Amino acid sequence: MTTLSETSPAPGTTDVVLEAEDLTKHFPVRRQLRALFSGDRLAVHAVDDVNLLLRRGRVTALVGESGSGKSTVARLLAQLYPRTGGAIRLHGEATTVRGGRRFRAYSGRVQMIFQDPFASLNPVHTVRYHLTRALRVHGRVGRGKLATEEALADLLRKVQLTPPERYIDKFPHELSGGQRQRVAIARALAAGPEALLADEPVSMLDVSIRLGVLNLLAGLREREGLAILYVTHDIASARYLADVIAVMYAGQIIESGPAAQVTDAPAHPYTQLLLSAAPDPDRAEPPSLRGRGAPPNLIRPPSGCRFHPRCPFAMAVCAEERPAAIEIAPGHTSACWLHAKGLSADQSRPLAEPPPQQTHGSGGPGEEK
Ligand code: SF4
């Protein structure tokens, strides 16, 4: 399959719109759960020290299993959650907004698209109402009825709902899932954003219409020059759409680089595991990550490398110290002791005793389902 990333501009030629530096989010644990763990001040370590750049005219995919923290990163970037630590910069300027006019100004530039197009559109209002309201909230409604009508038609054309008059007075229940998601994207565009944060935007859609919505996002990247964050558990769709892929595991980014490199020559053992479980039409058995251990409990995440309880190459140091991200090729980093020590997988010395397998923990409020 030809990938869209192959037609995109060379790395380093586009501007950074949105930047996360050491982004961290810990959700406090409720009292009843604290009692179970017999400790104070416990928290779900949903996101730890995440660094991410969203560039103009490029798609960055954030990929990982359910509960890896990828949706939390999107919500932090949208400033829907207060962060525990780290910084968010919009065009280099540090920003922290909590509600009110400043949030409206920020959300006009950084828009979020949610997973469920059924829940994100109020069923009692028409497409016209949803789009007009978004234009009005962000001060983009035209002068006079004619200008507003033209702005609405333009939004529907941008998401390929044409002719616009066929869709403008429909209610959400009169549209298919794909059309509803296109209306949600049009509503996001009504704000005139520079960045779109798309949280699993096709995962609830019929397989047959997913490609159309992915192609729409790719077109918006090209035509509107948008910086897009594409959050997904599906590394194959990330390979298709994205220029850059960042892989998350247990709240941390463990590998990042050009999409083709990360998928064709994955460096981190977890990325290799994720790719081995990706759907493959040539395989008879449906793939699964089950039987290869479960993600860790994020209330008490494993020491050192958080992947070490599942990693077939784990060494003693892996359980003791967290590996730093090492650049293994231009723009391609991996946080693994194998690279830090210049070892290959078969040179690693396994742990004498495999650490006990920890159970799956809560990913915190708003985490992926
Ligand atoms: Fe495996 Fe160690 Fe690398 Fe973690 S740091 S992925 S445990 S080899």
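Worth saying up front: this structure is predicted, and the values here are computed from it rather than measured. In this chain, residues are counted from 1 in sequence order. Both ligands and their constituent atoms are indexed starting at 1 by order of listing.
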Does the ring of Tyr249 carry Arg306 above it, NZ/CZ under 6.0 angstrom from centre and within 45° of its axis?
no
In terms of atom number and element, which parts of ligand 1 are under 4.0 angstrom from non-hydrogen atoms of Leu338?
8 (S)
About how many Å separate NE2 of His268 and OG1 of Thr333, when rounded to the nearest 0.5 Å?
10.0 Å
Could you tell me whether the side chain of Pro201 reaches within less than 4.5 Å of the side chain of Gln115, counting heavy atoms only?
no
Is there side-chain contact between Lys25 and His45, with heavy atoms separated by less than 4.5 Å?
no
Taking the minimum heavy-atom distance to atom 7 (S) of ligand 1, which of Pro309, Ala340, Ala267, Cys318 ranks first?
Cys318
Look at the N, O or S atoms of Cys336, main chain and side chain alike, and state whether any lies under 2.8 Å from atom 3 (Fe) of ligand 1.
yes
Measuring to atom 4 (Fe) of ligand 1, does Cys305 have an N/O/S atom at a distance below 2.8 Å?
yes
Let me have the donor-acceptor pairs involving side chains of residues 313-320, under 3.5 Å, with sequence neighbours excluded, atom names and distances please.
none

Under a 4.0 angstrom heavy-atom cut-off, which atoms of ligand 1 come close to Trp337?
3 (Fe), 5 (S)
Which of the atoms of ligand 1 are close to Cys311, meaning less than 4.0 Å from one of its heavy atoms?
1 (Fe), 6 (S), 7 (S), 8 (S)
Name the atoms and distances for all side-chain donor-acceptor pairs under 3.5 Å in residues 90-97, with sequence neighbours left out.
{"residue": "His91", "atom": "NE2", "partner": "Glu194", "partner atom": "OE1", "Å": "2.4"}
{"residue": "Thr95", "atom": "OG1", "partner": "Gln79", "partner atom": "NE2", "Å": "3.1"}
{"residue": "Thr95", "atom": "OG1", "partner": "Ile88", "partner atom": "O", "Å": "3.4"}
{"residue": "Thr96", "atom": "OG1", "partner": "Arg83", "partner atom": "NH2", "Å": "2.7"}

Counting from 1 in the order shown, the ligand 1 atoms closer than 4.0 Å to a non-hydrogen atom of His268 are 6 (S)
Which atoms from ligand 1 have a heavy atom of Pro269 less than 4.0 Å away?
6 (S)
